[in-house]
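In what follows, chains are A, B, ... by sequence order, proteins preceding strands, each numbered from 1. Predicted model only: the values in this text are computed from it and were never measured.
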Number of protein chains: 2
Amino acid sequence: MDIIEINKVLSNKTRVNILKWLKNPELNFPPHQDIDHFNDGVCVGYIQDKTGLSQSTISTYLNSMQNADLVIPTRHGKWTYYKRNEDVIKAYIEAIQNEL
Amino acid sequence: MDIIEINKVLSNKTRVNILKWLKNPELNFPPHQDIDHFNDGVCVGYIQDKTGLSQSTISTYLNSMQNADLVIPTRHGKWTYYKRNEDVIKAYIEAIQNEL
DNA sequence: TTTACATATCTAAAAATATAGATATGTTAT
DNA sequence: ATAACATATCTATATTTTTAGATATGTAAA
């Protein structure tokens, strides 16, 4: 868990929003067609729609979030779903509390 | 309190270190010559020495930290002392806890 | 009232980040 | 096999950040 790396990710409004939206997928995204749950998170397309940014930008963002271990990707067919990595997020919050 | 702005400041190792060092000035810095306390924090020169970076870089860092309200400067004669803004830091930590 | 000193600001160059279009990859449907 | 589609990667440009040297400002000491 690299605090500096995580803070870099979290120094962009869109990336923070993505992380927040993923707390409540059913509130922030339409239901998926092929599956009826958000157990593995939300597909890239929905996240892109919500932000209004380009597909490649969102992919880059999600990749940076994944590198910082803030999200976990899961492939289902042609879709990639992203969900929060709650363990790392929890550890990050605790580190901020204790060290800052 | 702007979380994005604060996260930008905290996405650099040196700036995070400065904030941490200022938690315990007496442990991390030599005593000041003119005063015998750290009530207003630590003078810029000591912070510069500790980091090994240039004077202008440290001044820029401290300025960005001040713009994000993470530190409070106080002038004493020719020295400027910087201390942590505990209220804002506390609010930031709580915001991270509650919103992230 | 000059000189020395601490810090801030200005200027500039290098590096990193943001963002998108084009292209590639992998999966599903036909 | 081919077409359609979701996502990833590559390439490129604009913007921002990093960092330091030079210079300016403000204070204190001689």
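Whole-Å rounding puts the Trp79(A) CH2 to dT27(C) C1' distance at 9 Å. One can place CG of Asp34(A) at 16 Å from P of dC5(D), the figure rounded to the nearest angstrom. Per the geometry, CG belonging to Leu62(B) stands 7 Å off P belonging to dA8(C), to the nearest Å. Atom-to-atom, CG of Asn67(A) to C1' of dA16(C) comes out at 15 Å; the value is rounded to the nearest Å. Nucleotide dA6(D) holds its C1' atom 11 Å from the CD atom of Gln33(A), rounded to whole Å. For Tyr81(B) and dG26(D), the OH to C1' distance is 15 Å, given to the nearest whole Å. A straight line from CG of Leu53(B) to P of dT17(D) spans 18 Å, rounded to a whole angstrom. Note: NZ (Lys13(B)) to P (dT18(D)) measures 15 Å, nearest angstrom.
Close to dA8(C), at under 4.0 Å from its OP1 or OP2, lies a side-chain N or O of Tyr82(B). Here Arg75(B) does not reach the OP1 or OP2 of dA6(C): none of its side-chain N or O atoms lies under 4.0 Å away. Contact between the side-chain N/O atoms of Thr80(B) and the OP1/OP2 oxygens of dA8(C) is found at a separation under 4.0 Å. The side chain of Ser59(A) contributes no N or O atom lying less than 4.0 Å from OP1 or OP2 of dT7(D). Between Ser56(B) and dG21(D) there is no side-chain polar atom (N or O) within less than 4.0 angstrom of OP1 or OP2. Phosphate proximity of dT7(D) to Lys78(A): absent, as no side-chain N or O sits under 4.0 Å from OP1 or OP2.
Note on ring orientation: taking the six-membered ring where Trp is involved, the planes of Phe29(B) and Trp21(B) are perpendicular (angle over 60°, cut-offs 30° and 60°).
If Thr60(A) and Gln48(B) are placed on DNA chain C by their nearest nucleotide, the residue sitting closer to the 5' end is Gln48(B). Take the nearest nucleotide of DNA chain C for Ser11(A) and for Gly45(B): the residue whose nucleotide is more 5' is Gly45(B).
The side chain of Ser54(B) has dA20(D) as its nearest neighbour among dA20(D), dT7(D), dT18(D).
Between Leu53(A) atom CG and Ser59(A) atom OG the span is 12.5 Å, to the nearest 0.5 Å.
Checking side-chain atoms of Arg84(A) against main-chain N and O of Leu22(A) turns up no donor-acceptor pair under 3.5 Å. Of the possible polar contacts, none joining the Tyr81(A) side chain to the Ile72(A) backbone as a donor-acceptor pair under 3.5 Å is found.
One side chain, His76(A) or Asp40(A), offers a donor N or O that lies under 3.5 Å from an acceptor on the other.
In the interface, the side chain of Gln55(A) is paired with the base of dA8(D) through a donor and an acceptor atom under 3.5 Å apart.
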